[in-house]
Amino acid sequence: MPTEPTHYCEGQAQLVLGSGFFRPESRPSRDLGVLLLRWLTAQRDEQGGAAVLDGMAGCGIRALRYGREGGADEVWANDADPQRLPLLEANLAPLGLRSGALHCSASTIEKLLASCVLQERRFDLVDLDGFGAPIPFLPLAVEAVRFGGILYLASSDGRSFTGHDRTAALRRLGAAARAQPCSWELALRLQLGLIARVAWGMGRGIRPLLSFSEGRTFRCAVQVLRHPAAAEERLLGLQAYCHRCGSHRGTSMLQLKDLERCGCGAQTVLSGPLWRGPLQEVDVLGQLQVIAAGIDPTSTTRPSLKLLQRLAADDGLPPEASAVADLARQLGGGPPPLALLLQQLRLRGWRAQASGIAPAQFRSDAPWDEVVREGAKAR
Ligand SMILES: C[S@@+](CC[C@H](N)C(=O)[O-])C[C@H]1O[C@@H](n2cnc3c(N)ncnc32)[C@H](O)[C@@H]1O
Ligand SMILES: [Zn+2]
């Protein structure tokens with residue numbers, strides 16, 4: 001006898017997952033998407049909902065949550081796999097949106113975005129949670145976001161973005177990517193660098209709101225602005241890493257200077273062009289925490305709240321992170337307690353904070369020699 005499909009519940013969404021790809025572990029990215037949408041609509045004076053495109057929707061859980069919990073009043077859920085369409089339609093029907101406000105489709109995202117752009121249909125939030133790198137359709141995706149709206153992108157192409165496949169990185173990103181310990185941050189900055197170049201080429205600006213990874217998927221949410229901010233182009237640059245002493249340095253493409261040789265005399269490896277601006281808009285993350293506290297507590301899980309807290313404590317500046325393991329290697333023996341090292345650097349007047357992106361990493365504007373000296377004292 002056929003069994004009833006079982007329901008899966010997340011936040012206020014109840015749906016059938018079907019047999020396609022779904023990861024319960026990606027929940028923090030979905031929780032944060034809901035909060036971002038609520039933040040976006042709260043920014044506007046006028047009352048009203050928002051139009052959301054969930055372009056690689058799988059079972060439609062994001063689209064459903066944007067409608068149920070994020071306040072979207074127009075929802076488009078699309079997945080290229082036509083076998084998912086009946087499931088998408090069934091899962092999203094309970095949203096009960098007004099006629100014409102719910103669309104479910106089975107196009108490739110490239111075709112769907114192109115047709116939206118032709119029809120001048122734009123969205124307040126475009127969420128593209130696909131496989132691989134979101135590169136072939138990036139200009140169309142930027143174009144499909146209303147000014148001030150949010151593009152929420154995922155890449156699971158860890159090998160090229162972290163420099164483990166350098167030729168693929170060059171093909172996909174038009175950038176050099178060199179393997180190094182702070183590889184999650186490298187991947188996020190390369191992705192943001194590409195988004196910035198695409199947006200600038202179209203006359204737009206970007207404002208990264210949040211960026212994070214658990215080492216498998218690299219996620220960025222950026223606000224697409226009508227124009228670049230003053231001197232935004234300064235934020236595209238290169239980064240050098242020295243395998244011998246562990247130091248990282250960087251420079252803007254507008255002020256290229258010699259990065260090829262480290263202060264220790266060794267040859268460095270260079271990555272970029274990449275984004276050297278903030279990775280998080282910490283004020284916005286503070287507001288997301290307030291929103292999370294004011295809505296149904298089932299919407300935001302504890303790991304999502306912890307992630308928000310961690311990201312809010314590190315804006316991503318200065319843009320070069322360092323690995324505690326590299327410092328320990330320089331010092332010989334074990335690493336210094338990170339909190340103590342950061343405190344000492346701050347007492348000496350330097351910026352210093354733990355990385356919100358990856359564990360056992362930190363960032364400081366102190367020269368590497370000074371970090372090593374303070375590291376020795378902190379042990
Ligand atoms: C990572 S899964 C989506 C998971 C879903 N967003 C979630 O949170 O559970 C990626 C989806 O993208 C779809 N997909 C892959 N390539 C696509 C394309 N070019 N256009 C649209 N959808 C695509 C796949 O069928 C798959 O369902
Ligand atoms: Zn060196």
Side-chain angles (χ1 to χ4, degrees), residues 20-30 55-56 58 79-81 108-110 127-142 151-198 208 210-222 236-243 246 248 250 259 267-276 279 307 311 316 319-326 355-361 363:
F21 182 94
F22 176 75
R23 293 188 76 230
E25 303 81 10
S26 306
R27 171 151 190 192
S29 71
R30 295 188 284 270
M56 296 155 113
D79 195 283
D81 180 354
T108 64
I109 190 65
E110 293 84 346
D127 184 335
L128 299 176
D129 176 39
F131 300 133
I135 292 174
F137 44 83
L138 195 51
L140 288 167
V142 171
L151 178 59
Y152 193 18
L153 276 185
S155 167
S156 57
D157 179 7
R159 280 186 56 72
S160 21
F161 284 58
T162 59
H164 290 92
D165 186 342
R166 288 168 58 193
T167 46
L170 200 54
R171 277 198 311 275
R172 293 186 188 144
L173 295 157
R178 300 298 301 262
Q180 46 129 316
C182 302
S183 59
W184 299 1
E185 180 155 338
L186 175 70
L188 291 168
R189 290 191 179 282
L190 285 166
Q191 179 162 316
L192 284 167
L194 186 64
I195 300 170
R197 281 150 62 203
V198 165
L210 55 85
S211 322
F212 63 100
S213 174
E214 43 19 329
R216 171 188 171 121
T217 310
F218 301 89
R219 300 185 191 273
C220 306
V222 301
L236 195 70
L238 296 181
Q239 190 192 87
Y241 172 67
C242 174
H243 276 285
H248 292 256
L259 282 178
Q267 186 82 26
T268 59
V269 291
L270 290 177
S271 297
L274 47 70
W275 177 256
R276 298 188 70 249
L279 294 176
L307 172 64
L311 299 180
E320 284 78 38
S322 300
V324 172
D326 273 339
S355 163
I357 299 298
Q361 296 182 6
R363 62 185 87 247

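Every value quoted in this text rests on a predicted model; they were computed, and no experiment measured them.
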Q: Just grab all the salt bridge (charged side-chain N to carboxylate O under 4.0 Å, His left out) pairs involving residues 171-186, residues at least two apart or on different chains.
A: Asp157-Arg172, Glu185-Arg189, Glu185-Arg363
Keeping [X] on the side-chain end and [Y] on the backbone end, is there a donor-acceptor pair under 3.5 Å?
X	Y	answer
Ser213	Leu188	no
Ser183	Ala179	no
His248	Ser322	no

Report the residues that fulfil salt bridge (charged side-chain N to carboxylate O under 4.0 Å, His left out) with [X], sequence neighbours left out, ordered by chain and then residue number.
X	answer
Arg159	none
Arg166	none
Arg197	none
Glu110	none

Considering all heavy atoms of both residues, which atom of [X] and which atom of [Y] are nearest to each other, and what is their separation?
X	Y	result
Ala175	Leu190	CB-CD2, 3.8 Å
Ala321	Cys182	O-SG, 3.5 Å
Thr162	Ala187	CG2-CB, 4.1 Å
Ala169	Ser160	CB-O, 3.3 Å

Q.
Please enumerate all residues that pass side chain to side chain contact (heavy atoms under 4.5 Å, CB included) together with Ala176, with sequence neighbours excluded.
A.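 Applying side chain to side chain contact (heavy atoms under 4.5 Å, CB included) to Ala176 gives none.
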Q | With sequence neighbours excluded, residues passing side chain to side chain contact (heavy atoms under 4.5 Å, CB included) with Phe21 | A | Arg23, Phe131, Arg216
Got a sec, which residues hit side chain to side chain donor-acceptor pair (under 3.5 Å) with [X], two or more places apart in sequence or on another chain?
X	result
Tyr241	Asp326
Ser29	Arg62
Gln267	Arg261
Asp79	none

Could you tabulate the donor-acceptor pairs under 3.5 Å formed by side-chain atoms of residues 132-141, not counting sequence neighbours?
none

Q) How far apart are the C-alpha atoms of Val269 and Gln180, what are their side-chain angles, what is the distance that settles it, and do they pass the side chain to side chain contact (heavy atoms under 4.5 Å, CB included) test? A) CA-CA 9 Å; Val269 291; Gln180 46 129 316; 5.5 Å; no
